[in-house]
Each structure stands twice: as C-alpha cells, then as structure tokens.
A.B. asks: 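Sharing a structure with you now.
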Amino acid sequence: MGSLFAESRCRIYSILQKNRLGYACRNVGKLRFPVNISSQRHNTNTSTANEEEIKQFSDIASKWWQWNNKNMPLHALNMVRVPLIRDALLGDEKSHKIDQPRPLSGYKILDVGCGGGILCEPLARLGAQVTGIDASSEIINVAKAHASKCDRVAANVSYQCTTIEQLTTTENAQSFDAVIASEVIEHVDNVDLFVSSCCQLIKPGGKHIVTTINRTPLSYAVMIIGGEYISRIIPAGSHDWKKFITPKELTKKLEEGGLNVDFIGGIFYNPLTNNAGWLDNTKVNYAIVAHKPSENYEKSNA
Amino acid sequence: MLRRIPTAVRVANWTRSLATVSNSGGDTVQKTSKFDIVIAGGGMVGSAMACSIGYNPIFGEYKIALLEPNPVKTMAIQADFSNRVSAIIPGSINVLDDIGVWPYISELRAKLFQSMQVWDAASDHSFLLLDSKFTDEKMGYVVENDVIMLALMKRLKLLDSNVEILHCKVDDISLQISNGDIGNVSIKLDNDDLIETRLLIGADGPQSSIRTAANIKHISLPYNQLAIVATLQLENQNENVVAWQRFLPDGPIALLPLSNSRSSLVWTTNPKHGKMLLEMSNEEFIDSVNNAFVNNDHVIPNINRISSTINRGLNSIPSGNFKEAPQSPPTVAGIDNNSRGGFPLSLGHATNYVMNRLALIGDAAHRVHPLAGQGVNLGFKDVEVLSKVLAEAVTEGNDIGALPHLLKYESTRQLQVLPIMATIDNLNRLFSNKNASLALARGIGFQFLNYLTPLKVICHVIPLY
C-alpha cells in the first residue's frame, strides 16, 4: 500500500514537473526568507569549495558558451567588469594604452572560480596572462576546449582545476598583478579562508577585484524570487541567499587580509535588453576594487 | 524572453547550412588560413569598411581580408564622366574623411551642389527649394561611383600589410558548432580554398549570396520602374551648382551637377517608356529630357488653381525666403557617348542584419529607391556604426564575432534605416501617380514646407532634402 502511494506521488510530481506553472509553484513553495544566518557565516570548513555548488555548475558545463542560454547575464556582466579590471590595472596609463591592441600585456591575472572562462577570455584578448582556476574539472575542460578555438586567447590563458587555498601552496605567494573573484564568493564555503588566500596571492601594489551580491531583502527579491523563480534567467538553486555578503562585511575581510578598498559600486543587469551597467545603489549586485599597499610588502619582509 | 527567442533562431538558422560544408570540408586536406574579419564584397561600402577597420590601430593585430572577385579597374581617372553617380551627404563625407578617403575624392573629382529644387509636375506652385544658405550645412557633393572606388582603392593599397585582398568569390559559408559552442565561420571560395574567420561582414550587394547562405529573411519589393542614367552636356556653361528633381507621374527625373558643363541624369520611369528612352536616338533623348523638365502635360488644372490661391495667401504673410515659382533647370544640349544606361529598381530589406559571427552592411542589408540618393549614404553610415561597435568590442576584449555586440549594430541601424526607407518608399508612391487628391496633398505639403523657416527643420525630417 505504502509503495503504491509513493508511486502515485511520484507520478503527480512528474506531471507537475512537466507543467511549467506547476514547476514554478513547487519551487516557490520552498521559498522562505532565511532569518537565521549564523550557521552559514561561521563556517569552519577547511576547504572553500562546496561540493553541491560544484555539481550544480558542472551540470550546466556544456551550456557555458551558448550566447542564447542562461549564461547571458554573465556575458552581459563583462560590459562592466572587463573595463573595471582593465582600468583598475592600467590606472593613469589608461589614456595612452586604451587604443592599443593589447593594453594589458605584461599583467598577470588570476581568475578564481573562472567557470567556462567567460571573463578569462576577454582579459586574455586584451593581452594579460590569465590563470583561471575552478573546482569543477568538467568546467575546466569546457574552458580549455573553448580557449583552444581562438589563437589569441589560447596563447594567453591557462586553466587549472584547483581551489584557491591549494593554489597558495603551489604558486609563489604575491605573484599576481590582479586577483579576480567575480560572482564566486557567494558560492564558496569558508569565506575567511577564501579571502585571505586571495589576498596572499596579490603582488604588492596589485589589485583585488570582487563582484558579488549583497545580502539584503532586495537582493533576495531580485536574484532569487525574480531571477531564479519568476523569470528563470538564472538556474533555480544557483544562489543561497544566506551566503551573500554585504559590502561592509567584505570590506572588513579584505582589510584583515591587508588590502585597502578603493572603490565600491553597484551594478545593474537588465534582462530585457541584456544590458549591464553601473548604479549608485549597491543593494543587489556590486563590485569592490581593493589594492595591496606596496609598503605593506616591505614591512612583512623586514 | 524577448531577447532569447530571436537569438536562438539565429543559431538554428545558421546550422542548417552546416551539412554541406562538413561534407566538402572532409575530403580537402589543404591548410585553411584563419582570419579575424573577412569582408565579402569590395564595392564602395565593403571597401570603406575595410579602410575603416584597417586604419584603426586597435585592430592592429587582427587579420583582415577583403574578398572581391573583380580585379580593380584602371587606377586612373577617366576623362569622361561615368554615368553612375552618388549624392554624398555631409554625414558620409565625415565617414570618408575619418578613413582618409575624402581628400583623395576631392582631389580626383567631386562637384559641390549648393541647393536643390524639387518640384511636382502636377502643379506649377508645388515646389521645394533647399539651399545651403538656409541650413548652415553643405548640401553635399555629386561624386561618380568610380571616383569613390578609385579613392578607396588608393587608400587600401597603402594598407597592404593589414588588409589582404583576395580576388575570389564566396561559394558557400557555414558556421562551425560543436555542443552548442560556436566556432568560426568556414568560407569555401570559388578557387576551392577554405578560409575561416571569427567575423564575416557581408557587403555583397542587393543580391547578397552571404545573406542567402545564412538563411536571413529578405523582403524584396520590385518597383515597376526603370532608372535611366546618362551624362548630359549643358547648353549654358555657367555656374552649375543646383540639383534638380521633378516628380513626374511615372517617377522622378533628376539632374545632378558634375561640372559646369556636365550634369548626371537619373530618370525613373515605367519600364515601357524606359525601354523607349534607351533605344531612341541621342537627339530624341535630349528632347525628351528637356521636355520632361518643362512640359505642362501633367498639370491638373484644379490643383493648380487651389495651390495658386494658397500661394497668394502665404505670400501676403511677410517671410524671408518665399519664391513665387520654380526656377527652370539648365537646357540640355548633348549627351556623352555610351553614357546612356538603364537598370530596374527594387526595395529590399533584410529582417536581420546580424547573426552569430555575421553582419550585413550596405545594399546587402537594405536597398532603397535612388530618388533621394540615400543608397550609398546608408551604407557609409552602416560602416561608421559597425566600426564603432567592433572597436568597442575590442577594447572590452570581446570575441569580435559575438552576437551580443553585433545586436547593438543591428538595433541602432534598423531604427535609423527603417524610417528613411519608409519615407523614400512613401515619397515614391505619393508622387509616382496621377491621383488628383494626392497631387493636392503634396502640393499643399510642399508649399508649407517651402514657406517654413528655418528650412533646417525639413532637412532633419527628410535627410537629403
């Protein structure tokens, strides 16, 4: 009797699943505004990589480079983050380097949680030596395969399947002109370890660029209810609101890692026009640019 | 959702032609040369595109190829004027100046026209006079297409290292796709060479084979009209600085200044009359042209009476630049040998200007009636917008052939092109008929437009006028 019930329930679920509206309802039913976040914030995992998250992204690995699928927001975000990284690195040199074919040549960049390489490839085209790391081997394979198709990219980019804390043991400390953590910090376990590992790999005078999502009621409404359940631009379950981090918290962590924050700016994404741009409001998406002071390096050496 | 549907369709369309090339590509072993940008079609617009990206230092490391099956014609200017001319508007002069081509053109041969008179055969009082005196801006230049080509080729020659010119035709194109991941465009040339590119720009004219191969929908509307062109000799060799256009019931007849002694004729008419014009003797042809500009056969008396009343009314209000009646164009005395030619007219518009790794420019994307002289000007504007979008994509490190930024070019240009196309098409329909009420409407329209100062307003409504 019990098994029969289970079977019929399964059937109802499968019918519901086929029905788009039913699917949405089922998921919306799970939505609950998370009030208690303490358990997540004090994560003491020794690894930053979250198995569930890795699996979630590996499942969509093959779709990473389709311009017509759900990665459109990530492609659009390049409109904001590529110029941000380029200008942060070039600084005063921007005016005379911007019109050159490879303004970023000579810069070594680390992209943490690079995914399929949506951000690595434009930076490589601008001439930077880019290292992309991701905890999912499937995604790294997608990234490698895609990079090999464009000579200009292939020459400047290398991918490794690893985590940031593992990289600190193999890579020389303070070896990158810029470490980028774009849309990744909200997916990792042990944010403290993640941030300190990132800080460790930045050269004195180097930059740290982070883009992520703020933890506000508005970001819950926009990213999770709006993005994942209503418009379904983002695959459902991509984000865990409790893992989002506020600019204040992130600033504190970066400062603990020995960085000075230079800039905090809000980012908007318009799914209808597929446009992204800057915003005064940092309540949903935002970017932080920080730098490692040069004298800090001398002090620690002395 | 709105954005995703067309994008998905664009990928699907492209893949359809994939089968043909994977077969033919399988048995050829030769090395394929890879390019970043390939421009198919080395006409005025395609060559301007090649100059535009070739001279921009930001594309310095990009491999660019221009495919043009026909070798360049003589590299010297002919003594006789060519019968194919374009009215180059100030916007296009800026584009040509930016790519360093305009100095060559003005050095070779270009005729400034300072004013333009447009009038209607149905009424004596229905005319419009546009003069650069009223608009601050220059009206434009009349330039032979051959001169534009020559200047572009001169400029491209200096670019040998950046832009490779291949004298080949495109046989087939296909988009490489594996696992939904978009690769390069494979182009099979008519000499059996295979080349690959990140971005293909189709500038291969109104019958674009690139557009067909990419399965882009194209709306084409043939006009039941033939355009007759000729280089005419004028009787009075005085200052020749006015462009004349008279709307006859079968289509407009236009006389564009080439020099003080020569003008270029573009006469749009019905195919039967057009054929007659092509076959008649030079003397008969000259008489027909002179007659077409001055005869009163098409005047509709009632309309004439109404417009003359309005004219008197408007005249009683003090105004700076009001003219009683249209001026007469110069009398034609002769015709240059072998300069008479005719071609059919059509309107065409591609539903999409871009696909993954593909962009259409010039007549491949849109073809208009020559009555407003907009054809090549629209093409040069395409060049300007597409170059800007591509340069921006490069500064952002984007894949040069990625759809997202190409869509910016498409939406910008379609928003500008469609109203112009509609205006030109409507003008042609409004004027090329014998309907009395339409004649009245355009008569009144013209009179008020003419009365309005500043005329700048009109210049922004209808780009050429």
Side-chain angles (χ1 to χ4, degrees), chain A residues 60-72 75-76 78-87 94 97-105 116 118-128 130 142-143 145-146 148-153 155-156 231-233 270-276, chain B residues 1-15 33-37 53 55-63 162 175-185 196-199 354-357 389 391-408 411:
Chain A
I60 58 160
S62 65
K63 291 174 185 162
W64 211 276
W65 278 101
Q66 293 181 7
W67 290 324
N68 57 335
N69 90 326
K70 302 191 169 176
N71 283 311
M72 222 51 188
H75 286 282
N78 275 358
M79 291 179 211
V80 173
R81 53 190 182 170
V82 175
L84 174 72
I85 296 162
R86 182 193 65 201
D87 298 351
K94 187 191 166 188
K97 278 201 169 172
I98 190 85
D99 288 334
Q100 291 175 10
R102 290 167 183 263
L104 292 185
S105 60
I118 291 176
L119 181 57
C120 292
E121 292 204 2
L123 294 173
R125 272 194 210 95
L126 291 177
V130 186
V142 168
H146 194 269
S148 70
K149 287 181 185 164
C150 178
D151 302 338
R152 190 167 282 113
V153 171
N156 281 0
S231 71
R232 284 189 273 155
I233 293 163
N270 180 343
L272 287 178
T273 58
N274 198 41
N275 248 326
Chain B
M1 275 318 267
L2 285 172
R3 177 58 79 196
R4 262 183 277 152
I5 295 164
T7 326
V9 170
R10 279 163 214 233
V11 179
N13 274 341
W14 253 105
T15 40
S33 34
K34 284 189 179 177
F35 291 95
D36 291 294
I37 303 169
I53 48 183
Y55 275 103
N56 189 339
I58 207 154
F59 297 103
E61 293 184 3
Y62 280 70
K63 269 189 84 184
N162 288 25
L175 186 62
Q176 303 166 346
I177 295 186
S178 57
N179 287 334
D181 193 350
I182 292 147
N184 293 341
V185 183
E196 275 184 25
T197 179
R198 312 277 304 164
L199 171 66
V354 302
M355 301 282 257
N356 275 303
R357 306 220 172 282
V389 165
E392 208 175 85
V394 171
T395 56
E396 287 176 15
N398 279 337
D399 180 346
I400 190 93
L403 187 57
H405 64 260
L406 293 179
L407 284 169
K408 276 194 229 164
S411 51

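To find a chain, count down the sequence lines: A is the first, B the second, and so on, and within it residues start at 1. The shown structure was predicted, so the numbers you read here are calculated from the model rather than taken from an experiment.
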A.B. asks: List the atom of Glu61(B), the atom of Arg152(A), and the distance in Å for their closest heavy-atom pair.
C.D. replies: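 Taking Glu61(B) first and Arg152(A) second, the nearest heavy atoms are O-NH2, 2.8 Å.
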A.B. asks: Under 4.5 Å, counting heavy-atom pairs only, tell me which of Val82(A), Asn78(A), Asp99(A), Leu123(A) racks up the most with chain B.
C.D. replies: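 Greatest number of close heavy-atom pairs with chain B: Asp99(A).
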A.B. asks: Is it true that a side-chain atom of Arg86(A) and a backbone atom of Gly397(B) form a donor plus acceptor pair closer than 3.5 Å?
C.D. replies: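 Here the side-chain-to-backbone pair does not exist.
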A.B. asks: Against chain A, label Tyr62(B) side chain, backbone, both or neither, depending on which of its atoms sit under 4.5 Å from a heavy atom there.
C.D. replies: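 It is both, since atoms from each part get that close.
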A.B. asks: Under the ring-ring contact (aromatic ring centres under 6.0 Å, His included) rule, collect the residues that match up with Phe35(B), sequence neighbours excluded.
C.D. replies: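 Applying ring-ring contact (aromatic ring centres under 6.0 Å, His included) to Phe35(B) gives none.
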A.B. asks: Given side-chain contact (heavy atoms from CB on, under 4.5 Å), test Gln176(B) with Lys149(A) step by step and report yes or no.
C.D. replies: CA-CA 11 Å; Gln176(B) 303 166 346; Lys149(A) 287 181 185 164; over 6 Å; no
A.B. asks: Any side-chain heavy atom of Glu396(B) within less than 4.5 Å of one from Pro83(A)?
C.D. replies: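 A side-chain contact under 4.5 Å exists here.
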A.B. asks: Considering only heavy atoms, which portion of Asp36(B) lies under 4.5 Å from any heavy atom of chain A: side chain, backbone, both, or neither?
C.D. replies: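 Side chain of Asp36(B) only, per the 4.5 Å heavy-atom cut-off to chain A.
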A.B. asks: Please rank Glu121(A), Met79(A), Arg81(A) by heavy-atom pairs under 4.5 Å with chain B and give me the top one.
C.D. replies: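 The residue among Glu121(A), Met79(A), Arg81(A) with the greatest pair count is Met79(A).
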A.B. asks: Between Arg125(A) and Ile400(B), does the side-chain contact (heavy atoms from CB on, under 4.5 Å) criterion hold? Intermediate values first, please.
C.D. replies: CA-CA 10 Å; Arg125(A) 272 194 210 95; Ile400(B) 190 93; over 6 Å; no
A.B. asks: Of all heavy-atom pairs between Thr395(B) and Leu126(A), which one has the smallest distance, and what is that distance?
C.D. replies: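 Of all heavy-atom pairs spanning Thr395(B) and Leu126(A), the closest is O-CD2, 3.6 Å.
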A.B. asks: Considering residues at least two apart in sequence or located in another chain, which fulfil the side chain to side chain contact (heavy atoms under 4.5 Å, CB included) criterion with Ala143(A)?
C.D. replies: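 Side chain to side chain contact (heavy atoms under 4.5 Å, CB included) check on Ala143(A) returns Tyr159(A).
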